[in-house]
Amino acid sequence: MTNWLFKTEPDVYSWADQVKKKVEPWTGVRNAQARNFMRAMKVGEHGFFYHTGDERQVVGIVEVARVFYPDPVEPAGPWGQVDVRTVKPFAKPVTLAQIKAEPKLAELLLVRHSRLSVMPIDDAAWKLICKMGGL
DNA sequence: GCCAACGTTGGC
DNA sequence: GCCAACGTTGGC
């Protein structure tokens with residue numbers, strides 16, 4: 001089991017949208033590294049739902065509901081998507097500033113590779129961030 | 001609004 | 001195959 005993190009601009013697709021939809025394809029990833037991570041995802045694996053832009057915080061947890069499949073708009077193309085299902089919101093969102101202030105999280109790809117939009121989160125970091133978020 | 005990081009493109 | 005130019009992302 002691997003844990004993940006999904007980034008989204010809340011103006012485009014927010015946690016509120018995800019809660020409303022319940023299960024929704026994670027579309028628009030156009031980066032090979034992020035795509036490869038999505039390919040490695042298995043049904044039932046959990047991921048943080050992170051808002052970029054002005055918010056910059058982890059707001060909830062989703063789980064993989066369908067493994068990687070081709071972009072339906074361009075099925076022959078190199079890109080694809082997974083489906084994610086809403087699991088639960090954080091009692092208290094965990095901000096990027098909080099994450100950066102925690103030395104144990106200094107190696108997180110979220111910090112070290114800020115442009116990556118889909119990334120794995122190791123168990124220790126996952127548990128710590130959940131705890132920081134009141135879960 | 002700026003800029004660093006980084007990916008992509010195109011000329012050679 | 002290299003690399004300069006350019007575009008995009010996301011944090012500040």
Side-chain angles (χ1 to χ4, degrees):
Chain A
M1 288 288 275
T2 309
N3 309 294
W4 308 98
L5 181 144
F6 297 89
K7 277 189 187 176
T8 178
E9 289 179 55
D11 288 351
V12 177
Y13 185 71
S14 70
W15 176 251
D17 297 325
Q18 175 65 40
V19 168
K20 225 176 292 170
K21 299 277 191 180
K22 296 188 176 68
V23 179
E24 187 70 0
W26 199 264
T27 58
V29 171
R30 291 294 181 269
N31 170 279
Q33 201 183 354
R35 190 260 329 266
N36 293 345
F37 286 137
M38 289 205 298
R39 273 192 179 140
M41 291 178 184
K42 301 187 185 96
V43 169
E45 289 183 333
H46 285 172
F48 289 137
F49 193 104
Y50 177 87
H51 280 172
T52 58
D54 291 341
E55 289 195 32
R56 300 191 304 281
Q57 56 189 4
V58 179
V59 291
I61 292 177
V62 292
E63 68 178 5
V64 178
R66 181 179 171 187
V67 295
F68 189 88
Y69 58 101
D71 180 353
V73 179
E74 207 180 345
W79 307 113
Q81 58 205 44
V82 297
D83 289 357
V84 298
R85 176 185 295 115
T86 306
V87 175
K88 58 183 159 185
F90 268 30
K92 200 172 169 297
V94 177
T95 65
L96 181 62
Q98 282 176 271
I99 287 169
K100 286 192 162 176
E102 172 52 70
K104 285 181 193 145
L105 299 175
E107 295 302 308
L108 217 60
L109 283 172
L110 185 67
V111 176
R112 298 193 57 189
H113 195 163
S114 67
R115 289 186 53 196
L116 189 60
S117 63
V118 177
M119 66 188 76
I121 303 286
D122 69 49
D123 278 342
W126 178 269
K127 282 176 191 150
L128 180 54
I129 292 168
C130 284
K131 199 173 163 191
M132 289 162 75
L135 296 182

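Since the structure is predicted, the reported quantities are computational estimates derived from the model, not experimental observations. Letters A, B, ... are given to chains in the order of the sequence lines, protein chains preceding strands, and every chain is numbered from 1.
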Ring centres under 6.0 angstrom apart (A/Trp26, A/Phe6): yes
Centroid separation A/Phe48 to A/Phe90 less than 6.0 Å: yes
Side-chain donor/acceptor of A/Glu45 to backbone N/O of A/Lys42, under 3.5 Å: yes
Side chain A/His51, main chain A/Trp15, donor-acceptor under 3.5 Å: yes
Find the distance [X]:[atom1] to [N]:[atom2] and express it as a whole number of Å.
X	N	atom1	atom2	answer
A/Arg56	C/dG11	CZ	P	6 Å
A/Ile99	C/dC12	CD1	P	11 Å
A/Leu96	C/dT9	CG	C1'	14 Å
A/Gln33	C/dT9	CD	P	16 Å
A/His113	C/dG10	NE2	P	10 Å
A/Tyr50	C/dT9	OH	P	16 Å
A/Arg30	B/dT9	CZ	C1'	18 Å
A/Met119	C/dG10	CE	C1'	11 Å

Close side-chain approach of A/Pro120 and A/Leu109, heavy atoms under 4.5 Å: yes
Minimal non-hydrogen separation, A/Pro70 against A/Pro75, with atom names: CB-O, 3.6 Å
Between the protein and nucleotides 2-8 of chain C, list the N/O to N/O atom pairs that are separated by less than 3.5 angstrom.
from  : atom 1 : to       : atom 2 : distance (Å)
C/dT8 : O2     : A/Arg115 : NH2    : 3.1

